Amino acid sequence: MAVEIRELECFLVLADELHFGRTAERLYLSQSRVSQLLQSLERRIGGPLFERTSRRVALTPLGKEFLTSLRPAYAALERVVESAREYAASVKGKLRIGFQGAANQTVLSAVSEFQTRNPNCLIGVCELPLNDPFGALRRGEVDAAVVMLPVAEDDLVLGPVFSRQQQTLTVCTSHRLAARASIDAEELADETLIAIDGPAPKYWRQAQAPTQTPTGALIHRGPEVRTLQEGLSLIAAGRGGMLVCRSTAEHNRQWRGIVSVPISGLPESALGLVWRRGEDTPALEAFAGQLRDE
């Protein structure tokens, strides 16, 4: 016969309290419900577990024997349930993180710290094409992606945003603006910006290579590229300039024939962690939390 857990809980508490009123209070039940549960358990067992009078409640010999056997078994059951709960919430398995361009120090630090704190979850990273920030995520090739903002995709969740930085204009050393210490966004009027090819959405590509200055002056659209390296090659060849964040500009200073000039009047560049809507996992939540802490 199936035994109800609530019946066993009622028996254990009543065995401790030996008082129906206090037992009812501890279990958030009425006294009549406590009596019903106890009677049901006694019918299953086939004998009385308590002696009940108007003045006292006491365990019968059967009740004492049952209590001796039940307590360790019930404690073991609680441990099994708690262990299962901990396992369900634990960070385990694999976590695949995609990133655009070169993984910056924030991302690398988060990856390293995540692996140290979660040794049962293997974290891996892979580079995403500059022109396709969301494709690998939608195809299930990565679990989350670190991409340049903006992100306005209905099927994706934007998590922590980080690495907010001033933008720079990267141009060849012979460009008219190359020797400047800084420039204003309006000085991009009539300049040519190297654009990013699809399948990245139009709004995202427009943000990386705008076709107008903040006041509406025309910026010419240059050749489209799929990777940052393609863009840098075209810059060095004098085919146009490219907007990149300060850290990316510093990372690519080894390129000969190009220079990066800080630019004001444009929104800061920023990175964000995105993942598929409805697919939050303990591992993903832990990594997102790690990024927020960096």
Side-chain angles (χ1 to χ4, degrees), residues 90-151 153 156-170 196 200 204 207-208 225-233 235 242-256 258-260 262-263 266-276 279-294:
S90 68
V91 177
K92 55 189 179 295
K94 293 182 179 180
L95 183 65
R96 301 161 299 172
I97 304 296
F99 62 90
Q100 290 186 289
N104 70 7
Q105 190 56 48
T106 300
V107 175
L108 294 177
S109 295
V111 168
S112 177
E113 188 63 25
F114 174 92
Q115 191 66 85
T116 299
R117 294 185 178 185
N118 304 281
N120 293 325
C121 182
L122 180 63
I123 187 169
V125 295
C126 68
E127 184 177 355
L128 305 178
L130 182 65
N131 68 324
D132 191 12
F134 311 122
L137 189 55
R138 289 188 170 120
R139 292 190 297 270
E141 296 169 5
V142 296
D143 301 302
V146 175
V147 300
M148 293 187 294
L149 268 53
V151 175
E153 305 296 306
L156 303 179
V157 175
L158 175 61
V161 173
F162 58 98
S163 193
R164 296 184 183 274
Q165 300 179 44
Q166 182 183 22
Q167 300 217 57
T168 70
L169 176 68
T170 300
I196 299 177
W204 188 89
Q208 314 310 325
V225 297
R226 296 169 297 173
T227 69
L228 177 61
Q229 297 305 306
E230 289 179 4
L232 295 175
S233 297
I235 292 169
M242 196 170 182
L243 295 178
V244 299
C245 67
R246 183 182 292 273
S247 62
T248 300
E250 293 175 352
H251 182 76
N252 291 282
R253 281 186 301 179
Q254 74 275 11
W255 270 78
R256 293 184 178 180
I258 68 173
V259 65
S260 295
I263 183 169
L266 292 177
E268 291 180 314
S269 67
L271 300 175
L273 182 70
V274 295
W275 59 87
R276 295 179 292 275
E279 296 192 18
D280 308 57
T281 64
L284 184 52
E285 291 175 358
F287 183 73
Q290 191 62 54
L291 271 181
R292 293 187 183 97
D293 293 340
E294 289 297 326

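Fair warning: this is a prediction, and the values are worked out from it, not measured in the lab. Sequential numbering from 1 along the given sequence is applied to the chain's residues.
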For [Y], is there any backbone N or O sitting under 3.5 Å from a side-chain donor or acceptor partner on [X]?
{"X": "Gln167", "Y": "Leu243", "result": "no"}
{"X": "Gln166", "Y": "Cys245", "result": "no"}
{"X": "Gln165", "Y": "Ser247", "result": "yes"}
{"X": "Arg96", "Y": "Gly140", "result": "yes"}
{"X": "Thr168", "Y": "Val244", "result": "yes"}
{"X": "Asn118", "Y": "Asn120", "result": "no"}
{"X": "Gln208", "Y": "Met148", "result": "no"}

Least distance between heavy atoms, [X] atom then [Y] atom:
{"X": "Ala286", "Y": "Phe114", "result": "CB-CE1, 3.8 Å"}
{"X": "Trp275", "Y": "Ala144", "result": "CB-CB, 4.2 Å"}
{"X": "Thr106", "Y": "Phe162", "result": "CG2-CD1, 3.7 Å"}
{"X": "Pro129", "Y": "Gln100", "result": "O-NE2, 3.8 Å"}

Residues Phe99, Val147; criterion side chain to side chain contact (heavy atoms under 4.5 Å, CB included); working and verdict: CA-CA 6 Å; Phe99 62 90; Val147 300; over 6 Å; no
Arg276 side, atom CZ; Asp143 side, atom CG - distance, nearest 0.5 Å: 6.0 Å
Side chain to side chain contact (heavy atoms under 4.5 Å, CB included) between Leu156 and Leu137, intermediate numbers included: CA-CA 9 Å; Leu156 303 179; Leu137 189 55; 3.7 Å; yes
Sidechain N-carboxylate O distance under 4.0 Å for Asp132, Arg138: no
Stepwise side chain to side chain donor-acceptor pair (under 3.5 Å) check, Ser163 with Asn104: CA-CA 9 Å; Ser163 193; Asn104 70 7; 3.2 Å; yes
Test side chain to side chain contact (heavy atoms under 4.5 Å, CB included) applied to Gln229 and Leu130, step by step: CA-CA 10 Å; Gln229 297 305 306; Leu130 182 65; over 6 Å; no
Other residues, nucleotides, ligands: >12 heavy atoms within 6.0 Å of Arg226 CZ: no
